[in-house]
A.B. asks: 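Quick one: structure below, then a few questions.
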Amino acid sequence: LTQMWNDEKRGMNITAFRDLLLNSDLTLCPGGGSPESYRVAEALEGGSLPVLGSDLLFEHVYPGHPMPYVRTFRLDLARVLSELEEEGL
C-alpha cells in the first residue's frame with residue numbers, strides 16, 4: 001500500500017505529502033466511513049488544523065469538538081475560512 005501512495009506517476013510522493021501538511025495551516029478532511037479518519041490524524045500530526053467535512057456520526061461521537069467543520073465543502077467552506085480568518089487562525 002505504501003508503494004502505491006508513493007508513486008509520483010499516480011500522485012504525490014510521501015515526502016512531498018508530508019512537507020505539504022507541515023506547511024499547511026488548514027487541511028480539508030472529507031468524511032469517510034467512520035468518525036476515526038486517518039485524514040484528521042495526518043493533519044494534526046503535521047501541525048495543521050483539520051477542517052472536517054461534517055458527518056452526523058462524528059458530531060455524535062465527539063460532541064463539542066473544537067475543529068471547524070462544514071456540511072458541504074462547496075457551499076460552506078468560504079464562510080468557515082472567513083470565520084477562521086476573523087478569529088486570527
Side-chain angles (χ1 to χ4, degrees):
L1 185 60
T2 302
Q3 288 181 345
M4 182 177 84
W5 293 114
N6 197 27
D7 183 351
E8 290 186 41
K9 293 178 184 175
R10 296 162 71 180
M12 187 178 291
N13 71 39
I14 292 170
T15 303
F17 182 68
R18 184 203 65 220
D19 291 345
L20 180 66
L21 285 176
L22 291 172
N23 291 302
S24 297
D25 294 325
L26 302 170
T27 299
L28 303 182
C29 298
S34 75
E36 291 85 20
S37 170
Y38 67 89
R39 293 177 187 103
V40 174
E42 287 175 337
L44 292 170
E45 287 174 357
S48 179
L49 179 65
V51 177
L52 306 174
S54 185
D55 165 324
L56 293 176
L57 181 58
F58 192 94
E59 292 174 35
H60 177 73
V61 174
Y62 303 108
H65 64 80
M67 294 176 275
Y69 63 93
V70 295
R71 293 276 176 216
T72 61
F73 284 103
R74 196 183 74 170
L75 299 176
D76 299 329
L77 185 58
R79 175 189 52 79
V80 168
L81 293 177
S82 177
E83 290 172 1
L84 289 172
E85 187 175 38
E86 287 175 13
E87 294 176 19
L89 298 177

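Please read these numbers as outputs of a predicted model, since none were measured by experiment.
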A.B. asks: Locate the shortest heavy-atom distance separating L28 from P30; write the atom from each residue and the value.
C.D. replies: O-CD, 3.5 Å
A.B. asks: What pair of heavy atoms forms the shortest contact from L52 to H65, and how long is it?
C.D. replies: CD1-CE1, 3.7 Å
A.B. asks: Which value, rounded to the nearest 0.5 Å, describes the distance between M67 atom CE and L26 atom CG?
C.D. replies: 13.0 Å
A.B. asks: Looking only at heavy atoms, what is the nearest atom pair of L77 and V51, with distance?
C.D. replies: CD1-CG1, 4.2 Å
A.B. asks: Check side-chain contact (heavy atoms from CB on, under 4.5 Å) between A16 and all other residues, then give those that pass, not counting sequence neighbours.
C.D. replies: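 A16 satisfies side-chain contact (heavy atoms from CB on, under 4.5 Å) with M12, N13 once adjacent residues are dropped.
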A.B. asks: Out of curiosity, L44 CG to E42 CD, how far, rounded to the nearest 0.5 Å?
C.D. replies: 10.5 Å
A.B. asks: If you measure from SG on C29 to CZ on F73, what distance do you get to the nearest 0.5 Å?
C.D. replies: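 These two atoms lie 7.0 Å from each other.
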A.B. asks: Supply the atom-to-atom distance F17 CZ to L22 CG, rounded to the nearest 0.5 angstrom.
C.D. replies: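 Separation between the atoms: 10.0 Å.
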A.B. asks: Tell me the closest heavy-atom pair linking V80 and P68, and the distance in Å.
C.D. replies: CG1-CB, 3.9 Å
A.B. asks: By side chain to side chain donor-acceptor pair (under 3.5 Å), which residues pair with E83, not counting sequence neighbours?
C.D. replies: R79
A.B. asks: How far does OG1 of T27 sit from CG of L20, to the nearest 0.5 angstrom?
C.D. replies: 7.5 Å
